[in-house]
Amino acid sequence: MSNLRAKFMEVYSVLKSELINDPAFEFTDVSRQWIERMLDYNVPGGKLNRGLSVVDSFKLLKEGRELTDEEVFQSCALGWCIEWLQAYFLVLDDIMDGSHTRRGQPCWFRQPKIGMIAANDGIILRNHIPRILKNHFRVMPYYVDLLDLFNEVEFQTAHGQMIDLITTHEGEKDLSKYSLEIHRRIVQYKTAYYSFYLPVACALVMAGKNVESHADVKNILIEMGTYFQVQDDYLDCFGDPEVIGKVGTDIQDFKCSWMVVKALELSNEEQKKLLHENYGKDDQECIAKVKELYNVLDLQGVFTEYESSSYDKLTKSIEAHPSKAVQAVLKSFLAKIYKRQK
């Protein structure tokens, strides 16, 4: 695994070098340094799970056959396209949410002399993806399929973000708009497509498979993505900030979190009133009242039960798939996220 990570980082350096010397633009030393610093700050800083999953998945689909150097490079490059996509979403997401920290350090737009230039940096990150695809996949028979795939997933993610923003920020704060169904739609489109479906779809395309004929795989991965986001919502409230790299703000941000949706479902009228009065207020006393109610309702126990039943359901669905190689891909994904702490 450490070898793969080292190889993956090598490919990052190659891609970065190509981008800051792209002949389509006349770079100055200052602009080249800006892009390099912006990339190093925003792209490789996370866990890299999405990107590395492309390589892992492709290997599993090859059922033990040793990958060629070109296949290793290409699967890493595709993995980095997903990490670039993630960086683009996060840079803009942090601006929209007014966030303070990301991955244990200040958000990019909070850096001195960056501010709203970060919005354009987000656009540049997004534009790097087709450059990488063009440089390394233009001659491949599946080039158009890759472009299609990234465009499709970006469309879905941006619309998931829209549902999240208009539910969370638009007009009056109204908890009655929140439900498990709204939460599912936000999660499916905002997170599951690009975090879970996209890495496996990239590997399937590289392996010469028709992505459209793998609807069952897509459904399992979307379910997995939903489970992952529920974990995220849980960790935002009950996770250790030292471990997860950020201080949770879902309560004061009025997020349509699984926690509040479950709390609304389980609350009596008096408890609902307490939620309506305190949720979405950036006030330590209000936040404490909401957390106290979560404890009274035993949301930790409710989550543990949800986690266990989701795992069983996903395992059954995976084992029903006819291809052992595809099963291995899906099981490796599930193993990475089951009972995670960050």
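- Side-chain contact between Val200 and Ser53 is absent, with no heavy-atom pair separated by less than 4.5 Å.
- Among residues two or more places apart in sequence or in another chain, the side-chain hydrogen bond (donor to acceptor under 3.5 Å, both in side chains) test is passed with Gln231 by Tyr227, Glu307, Arg340.
- In the hydrophobic clustering of this structure, Leu67 groups with Leu4; members are Ile, Leu, Val, Met, Phe, Trp, Tyr whose side-chain heavy atoms approach within less than 4.5 Å, directly or through other members.
- The ring of Phe8 has its center no closer than 6.0 angstrom to the ring center of Tyr12.
- Separation of the Phe254 and Tyr178 ring centroids falls under the 6.0 Å cut-off.
- Distance alone, capped at 3.5 Å, places no donor-acceptor pair between the Glu277 side chain and the Leu274 backbone.
- Going from atom CG of Leu60 over to atom CZ of Phe333 covers 10.5 Å, rounded to the nearest 0.5 Å.
- Take Glu18 and apply the side-chain contact (heavy atoms from CB on, under 4.5 Å) test, not counting sequence neighbours, and it matches Val14, Leu15, Asn135, His136.
- Scanning for salt bridge (charged side-chain N to carboxylate O under 4.0 Å, His left out) contacts around Asp94 gives Arg102, with sequence neighbours left out.
- Ring pair Tyr234/Phe303 is parallel by interplanar angle, where below 30° counts as parallel and above 60° as perpendicular.
- Ionic pairing of Lys331 and Glu319 is present here: one or more N-O contacts between side-chain nitrogen and carboxylate oxygen are shorter than 4.0 angstrom.
- Taking the ring axis of Tyr294 as reference, the NZ or CZ atom of Lys291 does not stay both within 45° of it and closer than 6.0 Å to the ring centre.
- Tyr194 and Glu154 share no side-chain donor-acceptor pair at under 3.5 Å.
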